[in-house]
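By convention here, the first residue in the shown sequence is residue 1. Just follow the structure's listing: the first ligand is 1, and inside any ligand the first atom is 1. Since the model is a prediction, treat every value here as computed from it, not as a measurement. Below, each value reflects all heavy atoms present in this structure, side chains not excepted, and no hydrogens, waters or symmetry copies.
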Amino acid sequence: MKTIYFDNNATTKVAEEVLEEMRPLFSELYGNPSSMHTFGGQMGRKIRRAREQVASLLGCEPSEIVFTSGGTESDNTAIEGTLAAAPNKRKIITTRVEHPAVLVACRELENHGYTVVELAVDKQGRLDLAELENEIDDDTVLVTIMYANNETGVVFPMDKIAELATGKNVVFHTDAVQAVGKIPLNISESRIDLLSLSGHKLHGPKGVGALYVRKGTRLSPFMLGGHQEAGRRAGTENVPGIVGLGKACELAAKNIAEENQKVKYLRDKLENALLENCPDCRLNGDKENRLPNTTNISFEYIEGEAILLMLDRYGICASSGSACTSGSLEPSHVLRAMGVPFTAAHGSIRFSLSRYNTGEEVDYTIEKMPEIINKLRELSPFVPK
Ligand code: PLP
């Protein structure tokens, strides 16, 4: 059975072109970039090229890119590194809908004397910028707000948020793990200080990411040890991963406009058909300000997990809540923050598409979904009689 993969916000297929660039680095080209010999020294050039490719996608200087082990490390570094560089301030502002890589890291800081404000969102998952502005005070050291939500795809007004925070001399970090490669960014025109990204969300490999650090931003290193990454992140570089991330960024930069159009067309076709053909369902999240690849739909009276299992029988991969929270019976914290009723939050499914999806895959899913929903509702004790 063919796999139909609509779970690209969890992870993506590594592009063939990326794999090709990485392959020799697992075999004949295995030198350590820190070595004095020419064999290792070649790796330094490869890393330099990857840094340029990442910087070019983001619209920043290569020297502003620090390679990490992924989105989680970038987020943790941004938070911990900012606090360590400004030890006299004790307040952090974030949102209720962040990924656990930010939310759990911030909540942990409450045990260490920090005040953490988690901003609310409205029913569509949007922030109230006046509330953000009110919360920023002299004790605020960091505002960390995601660029795009992994569960609903809602995109926050990043330029305005960055301006509000940095206008009050507060460091601003954004977790852009879901935005990079999916929507065009130009950091040089924004006032973002720190930005996290992750290779495996944009057809690069897992276990590699980057943190953009605006020139002049005060940030203490999080990983301590060797002098790699100009003393900003210790540890022997993941050369194949870094090279793969660079290539993935180059591909994204080249094709983003065309791919966005294709992916959005397929997403909209799927979404419109499901909302039309399945009774008692609703779209979660702001329809306008959204990633082009994501749709999150709640099907009333049934469990998301049951829908996923039925989809799986047809080879269709989707998700309920984020990959990290699946396995728990709690409905998604993002949907709860948006005030989605308990019954609807439980029956929510996220489809997240990529450049590799086809019209046939969408048509097949449109055909199967109403069948699945009707079958599960026949068995559900929650359907009103
Ligand atoms: N931030 C967001 C918004 C994410 O969606 C994810 C992954 O799901 C992460 C951070 C963590 O990234 P990584 O898996 O590279 O650690």
Test item, Lys201 contacting ligand 1 (heavy atom, 4.0 angstrom): yes
Under 3.5 Å between any N/O of His200 and any N/O of ligand 1: does that happen in this structure? yes
Below 3.5 angstrom, do we get any N/O pair linking Gly71 and ligand 1? yes
What atoms in ligand 1 come closer than 4.0 Å to a heavy atom of [X]?
{"X": "Asp75", "value": "1 (N), 10 (C)"}
{"X": "Gln178", "value": "3 (C), 4 (C), 5 (O)"}
{"X": "Ser198", "value": "13 (P), 15 (O)"}
{"X": "Asn150", "value": "3 (C), 5 (O)"}
{"X": "Gly70", "value": "15 (O)"}

Are any of the side-chain nitrogens in [X] or [Y] under 4.0 Å away from the carboxylate oxygens of its partner?
{"X": "Arg290", "Y": "Asp286", "answer": "no"}
{"X": "Arg49", "Y": "Glu21", "answer": "no"}
{"X": "Glu250", "Y": "Lys247", "answer": "yes"}

Side-chain contact test, heavy atoms from C-beta onward, threshold under 4.5 Å: evaluate it for Pro279 versus Arg377 and give yes or no. yes
Report the relative orientation of the aromatic rings in Phe39 and His37; use parallel for angles under 30°, tilted for 30 to 60°, perpendicular for over 60°. tilted
For Leu283 and Ile297, which heavy atoms make the closest approach, and how far apart are they? CD1-CG1, 4.2 Å
